[in-house]
2 protein chains.
Amino acid sequence: MTVSKTAEKSSEKPADAAKGRKDIGEPLAEALQLGELSEQLGYVLKRAQLKVFENFLRCMASLQLTPAQFSVLLLVEKNPGRNQTEIASTLGILRPNFVAMLDNLESRDLCARIRSTNDRRSHILVLTDKGKAVLARAKKLVATKHEARLNDLLGQANREALIGMLSKIANEF
Amino acid sequence: MTVSKTAEKSSEKPADAAKGRKDIGEPLAEALQLGELSEQLGYVLKRAQLKVFENFLRCMASLQLTPAQFSVLLLVEKNPGRNQTEIASTLGILRPNFVAMLDNLESRDLCARIRSTNDRRSHILVLTDKGKAVLARAKKLVATKHEARLNDLLGQANREALIGMLSKIANEF
DNA sequence: TGATAATTGTTATGGACCATATCAAATATC
DNA sequence: GATATTTGATATGGTCCATAACAATTATCA
């Protein structure tokens with residue numbers, strides 16, 4: 001496992017490999033053997049996840065939405081009127097960490113906290129009109145630029161199989 | 001996307017759902033609709049990755065090895081005699097961040113830095129005898145307790161297909 | 001009813017991980 | 001041999017994750 005976010009910067013190394021050796025007789029060096037690593041679920045899972053997030057951020061650059069923010073907007077749209085605890089917990093976000101996230105989205109007028117009349121402790125979450133509009137554009141970008149790429153890479157059937165297996169792991173592992 | 005590491009703690013919520021409503025007529029509440037989220041590659045990928053790492057750590061509790069540490073030991077074993085920069089970069093670890101990691105492994109006598117005679121700037125990395133022994137035990141734990149679980153969950157063929165697709169994403173996305 | 005417990009949003013805080021700039025020593029380049 | 005590059009290392013800042021604690025509000029129940 002491991003894999004950081006700027007790993008791709010060193011991807012020119014194999015190409016430069018020959019530059020270093022002074023003679024044909026020299027040991028090739030470079031190009032380490034991954035060995036069993038390439039079969040390790042965790043390793044390949046993490047690398048894939050980083051690549052996907054990286055691509056997601058590129059696709060969303062114009063809207064300035066992170067994967068986490070996008071997931072919040074999606075969930076609030078689908079479940080309007082829920083409070084912070086409910087939205088945060090189903091996303092696996094701890095309540096304390098959700099506060100700054102909402103501060104951000106609210107300051108950009110994408111969603112709003114409304115004091116509940118039933119329970120005056122809680123804040124009901126809703127998307128603003130701007131939030132709905134931005135989310136709609138975000139969905140289109142994700143569909144056309146992000147998810148579509150998976151189809152190109154794996155094919156429709158494999159894409160669905162992959163999502164299915166990952167869901168199974170997420171829920172039953 | 002999003003998903004933190006303690007998300008599972010709130011998994012009792014659905015069970016307590018009925019407790020809150022005073023009457024049968026009340027809205028069921030609880031159980032938010034994930035909606036399109038469950039089809040988002042990034043979301044499901046991240047959730048799966050967290051689950052897998054979590055399980056990995058449990059399996060490795062007796063050896064106190066993190067996924068990142070395991071990957072370093074694997075790579076050094078497969079490529080003995082490489083220096084820090086080479087090992088770190090192929091794992092996507094930045095050199096500055098690799099120092100503390102090696103300090104840890106070296107302090108536990110799992111691997112060693114050896115000043116290269118060819119290039120006295122660099123440190124050659126090798127596994128110690130203890131490092132080899134620990135890695136051997138780690139591999140067994142991973143195979144029997146960790147990777148085996150994937151087979152139980154998905155089946156051998158699907159497991160291989162999953163790894164293949166994730167590798168493809170990691171390399172070509 | 002009223003004392004006690006639990007919940008909600010929040011703040012403060014610490015840890016883990018990631019990324020950049022910088023440095024001294026050693027080496028490569030020309 | 002002067003200059004540039006590479007290697008391991010340090011310092012530092014950012015982001016994310018996790019826990020404790022608090023005030024306001026609500027639930028519990030004797």
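Values below: all heavy atoms of this structure, side chains included; hydrogens, waters and symmetry mates excluded. So you know, we letter chains A, B, ... as the sequences are listed, proteins then strands, and number each from 1.
- Side-chain atoms of Arg113(B) and Gln84(B) include a donor-acceptor pair closer than 3.5 Å.
- The side chain of Asn83(A) lies closest to dT8(C) when the candidates are dG8(D), dA12(C), dT8(C).
- Atoms CZ (Arg95(A)) and P (dA23(D)) sit 19 Å apart, rounded to a whole Å.
- Across the protein-nucleic acid pair, Met101(A) atom CE and dT11(C) atom P stand 16 Å apart, rounded to whole Å.
- Here the C1' atom of nucleotide dT8(C) and the CZ atom of Arg82(A) are 16 Å apart, to the nearest Å.
- Leu91(A) has its CG atom 11 Å from the P atom of dC17(D), to the nearest Å.
- Atom CD in Glu54(B) sits about 14 Å away from atom C1' in dC17(D), given to the nearest Å.
- For residues 153-170 of chain A, the set of pairs meeting the salt bridge (Lys or Arg N to Asp or Glu O under 4.0 Å) definition, not counting sequence neighbours, comprises Glu147(A)-Arg159(A).
- Residues meeting the salt bridge (charged side-chain N to carboxylate O under 4.0 Å, His left out) test with Lys132(A), sequence neighbours left out: none.
- The salt bridge (Lys or Arg N to Asp or Glu O under 4.0 Å) analysis of residues 31-45 of chain B, with sequence neighbours excluded, yields the pairs Lys139(A)-Glu36(B).
- If you measure from atom CG of Asn97(A) to atom P of dG9(C), you get 14 Å, rounded to the nearest angstrom.
- For Leu94(B), the side-chain atoms get nearest to dA19(C) when compared with the rest of dA19(C), dA9(D), dT19(D).
- The distance from atom CD1 of Ile93(A) to atom C1' of dA18(D) is 14 Å, rounded to the nearest whole Å.
- Whole-Å rounding puts the Phe98(A) CZ to dC17(D) P distance at 13 Å.
- Residues satisfying the side-chain hydrogen bond (donor to acceptor under 3.5 Å, both in side chains) criterion with Arg58(A), sequence neighbours excluded, are Glu54(A).
- Remark: the backbone N or O of Ala170(B) is paired with a side-chain donor or acceptor of Lys51(A) at under 3.5 angstrom.
- Taking the salt bridge (charged side-chain N to carboxylate O under 4.0 Å, His left out) definition, one finds that Asp109(A) meets it with nothing, sequence neighbours left out.
- Between Thr85(A) and dG9(C) there is a side-chain N or O to OP1 or OP2 distance below 4.0 Å.
- Residue Val99(A) places its side chain closer to dT10(C) than to any other of dA18(D), dG8(D), dT10(C).
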Enumerate the protein-to-nucleotides 24-27 of chain C contacts in which both atoms are nitrogen or oxygen and the separation is below 3.5 Å.
{"from": "dA26(C)", "atom 1": "OP1", "to": "Arg120(B)", "atom 2": "NH2", "distance (Å)": "3.3"}
{"from": "dT27(C)", "atom 1": "OP1", "to": "Arg120(B)", "atom 2": "N", "distance (Å)": "2.9"}

